[in-house]
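The structure appears right after this line, and notes come after that.
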Amino acid sequence: MRRAGRALALVGLLVVVLSACGGPAGAEDGGDTVTLRVGATGWKREEALLKLAHLDDTPYQVRWSLFQGGDKQLEAVRAGALDVASSSEIPPVFAAADGRPNFKVVAVQRGTTLNQEVIAPKGSDITSIAQLKGKKVGYVKNTTAHYFLYELLKQAGLGWDDITAAPLEPDKALAALNGGSIDAFAGYGNAIITARQQGARTIGSGKDILSGNFLWSASDDTLGGAAEREALADLLGRIDKAYTYVRDGHEQEYAKVVATATHQPVEQALEEFEEGEAQRKTEVRAMTGQATASQQEVADAFRGLGAQKQPLTVSAFWTDRLNSPLQKALSS
């Protein structure tokens with residue numbers, strides 16, 4: 001009962017905090033303009049990207065909200081406070097664990113898996129994953145970090161019980177790492193960039209463990225409206241075109257935008273972008289059975305870890321309803 005109470009309280013808090021984002025996707029104030037409430041992690045990358053590429057003049061409204069992870073975005077979708085979420089393959093597995101998801105995965109964004117790392121703080125004697133035995137390791141629960149940390153431990157001959165696993169949000173994990181209350185941290189994105197700037201050392205990487213599939217999910221209410229589906233397909237098509245725009249000679253401009261948002265040197269941001277695109281070009285794709293199968297492997301791994309109590313069939317929360325308008329948007 002206590003857990004149920006806390007869950008209800010969280011839902012209520014999300015609704016209150018994000019109420020400024022408006023109501024569910026649909027016409028605003030009785031007008032004809034569709035409004036999509038869309039999540040972003042770390043910083044509002046897609047919003048800035050569309051503006052840079054001059055593709056932000058949408059015939060519908062987009063309200064971007066910032067979260068620390070895709071898991072938080074999906075919590076907001078489930079609470080009715082967000083229409084569209086972006087995440088890795090992992091958060092939807094947990095968001096659907098109760099068997100009553102009110103969202104569907106509608107598209108895949110292929111992307112880099114760099115900056116997905118396990119790090120030890122400056123001055124630490126830890127140089128490998130194997131040395132984490134008996135250590136306290138922070139990680140971002142129900143995200144890529146949770147998954148690749150588990151897989152890296154297995155590769156090193158260790159199990160989850162061989163470490164003291166400490167679920168932490170990225171900002172709190174960095175403080176704990178620098179303060180010495182954790183021995184290592186499994187994280188991603190801005191948190192890893194910042195930690196390295198502070199002298200942290202990489203001791204393990206999820207680069208070759210993660211599939212590179214990043215998922216776009218939408219609430220069932222959003223998918224229930226034809227105008228909303230068309231708007232979402234158009235938005236994802238614009239994001240795909242914006243990355244093409246950047247790769248077509250605008251890398252330096254984009255690096256300046258990234259550097260401002262992530263507080264790093266422009267040249268470093270440029271190098272990271274070029275390395276990421278060399279590893280795997282960022283592009284949006286329609287839903288496929290291959291992508292569903294990839295996420296099923298992730299769900300099965302968490303079942304083996306014991307983080308999932310019941311078997312989960314991920315195809316139950318995927319849909320191809322966006323495939324036709326999305327393919328049209330991608331080819332236009």
Side-chain angles (χ1 to χ4, degrees), residues 3 7 10 39 41 67-79 82 84-113 116 118 137 139-156 158-161 163 165 167 186-189 204-220 223 280 284-323:
R3 290 181 179 176
L10 174 61
T41 292
F67 297 82
Q68 288 208 32
D71 56 331
K72 302 302 181 185
Q73 290 187 45
L74 282 162
E75 286 177 9
V77 169
R78 296 215 60 181
L82 199 66
V84 182
S86 57
S87 72
S88 71
E89 293 176 304
I90 288 85
V93 169
F94 290 91
D98 65 358
R100 298 186 301 276
N102 59 350
F103 67 89
K104 298 291 186 297
V105 180
V106 296
V108 175
Q109 184 167 307
R110 296 284 288 162
T112 180
T113 53
Q116 305 264 355
V118 183
V137 183
Y139 71 104
V140 189
K141 188 176 181 180
N142 299 351
T143 66
T144 52
H146 194 165
Y147 179 62
F148 69 70
L149 175 59
Y150 169 60
E151 293 294 327
L152 286 171
L153 289 170
K154 284 202 304 182
Q155 290 178 8
L158 301 177
W160 195 255
D161 292 339
I163 64 171
Y188 46 76
S205 173
K207 179 182 71 171
D208 298 323
I209 292 172
L210 302 170
S211 68
N213 287 350
F214 297 89
L215 310 182
W216 286 97
S217 302
S219 70
D220 289 342
L223 294 174
R280 186 178 293 106
V284 177
R285 296 178 177 177
M287 174 265 191
T288 64
Q290 184 178 14
T292 307
S294 175
Q295 193 189 34
Q296 186 64 59
E297 291 181 10
V298 171
D300 293 344
F302 277 109
R303 171 77 169 147
L305 173 60
Q308 285 285 338
K309 304 306 180 186
Q310 300 294 330
L312 183 68
T313 302
V314 304
S315 59
F317 55 85
W318 283 67
T319 183
D320 62 0
R321 291 190 74 185
L322 208 69
N323 276 22

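Not measured: the values here are computed from a predicted model.
- When atom types are taken as modelled, the side chain of Arg110 and the backbone of Phe214 share no donor-acceptor pair closer than 3.5 angstrom.
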inquiry  = Evaluate Thr144 against Thr113 for side-chain contact (heavy atoms from CB on, under 4.5 Å), listing each step before the verdict.
reply    = CA-CA 10 Å; Thr144 52; Thr113 53; over 6 Å; no
request  = Could you walk me through whether Trp318 and Val108 pass side-chain contact (heavy atoms from CB on, under 4.5 Å), step by step?
outcome  = CA-CA 11 Å; Trp318 283 67; Val108 175; 3.9 Å; yes
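- Each of Asp320, Leu223, Val84, Asn323 was checked for a side chain to side chain contact (heavy atoms under 4.5 Å, CB included) with Val106, and the lone residue meeting it is Leu223.
- Taking all atoms of both residues into account, the shortest heavy-atom contact from Gln296 to Thr313 is OE1-CA, 3.6 Å.
- Although no hydrogens or angles enter the test, the distance criterion places a donor-acceptor pair under 3.5 Å between the side chain of Thr288 and the main chain of Ala291.
- Contact record, Ala301 with Tyr147: CB-CE1, 3.6 Å, taken as the closest heavy-atom pair.
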task = Start with the C-alpha gap between Leu74 and Ser217, add the side-chain angles, then the distance that decides, and say whether side-chain contact (heavy atoms from CB on, under 4.5 Å) holds.
result = CA-CA 8 Å; Leu74 282 162; Ser217 302; 4.1 Å; yes
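- Leu152 approaches Gly204 most closely through the heavy-atom pair CD1-C, 4.0 Å.
- For the pair Gly187 and Phe148, the tightest heavy-atom approach, listed with the atom from each and the gap, is O-CZ, 3.4 Å.
- Taking all atoms of both residues into account, the shortest heavy-atom contact from Ala186 to Ala145 is O-CB, 3.2 Å.
- Ring geometry, His146 versus Phe94: the interplanar angle falls under 30°, so the pair is classed parallel (tilted spans 30 to 60°).
- Using a 3.5 Å distance cut-off with no hydrogens or angles, the side chains of Thr41 and Gln73 do pair a donor with an acceptor.
- Residue Tyr139 holds its OH atom at 8.5 Å from CG of Leu149, rounded to the nearest 0.5 Å.
- The salt bridge (charged side-chain N to carboxylate O under 4.0 Å, His left out) contacts involving residues 89-103 comprise Arg78-Asp98, Asp98-Arg100, where partners must be two or more places apart or lie in separate chains.
- Here the NZ-CZ distance, from Lys309 to Arg303, works out to 9.0 Å after rounding to the nearest 0.5 Å.
- Scanning both residues, Val93 and Leu312, for their nearest heavy atoms gives O-CD2, 3.4 Å.
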task = Go through Leu82 and Phe67 one step at a time and tell me if the side-chain contact (heavy atoms from CB on, under 4.5 Å) criterion holds.
result = CA-CA 11 Å; Leu82 199 66; Phe67 297 82; 3.9 Å; yes
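- Side-chain contact check for Ser87 versus Asp71: every heavy-atom pair is 4.5 Å or farther apart.
- Considering CZ of Phe302 and CG of Asn142, their distance stands at 7.0 Å, rounded to 0.5 Å.
- The OG atom of Ser211 lies 9.0 Å from the CD atom of Glu297; values are rounded to the nearest 0.5 Å.
- Ring-plane geometry between Phe103 and Phe317 is classed as tilted, the angle between the planes lying from 30 to 60 degrees on a 0 to 90 degree scale.
- Within the model, atoms NZ of Lys104 and CE of Met287 stand 11.5 Å from one another, a figure rounded to the nearest 0.5 Å.
- Going from atom CD of Glu151 over to atom CG of Leu210 covers 9.5 Å, rounded to the nearest 0.5 Å.
- Gln109 is not listed as a side-chain neighbour of Ser86, based on a closest heavy-atom distance of 4.5 Å or more.
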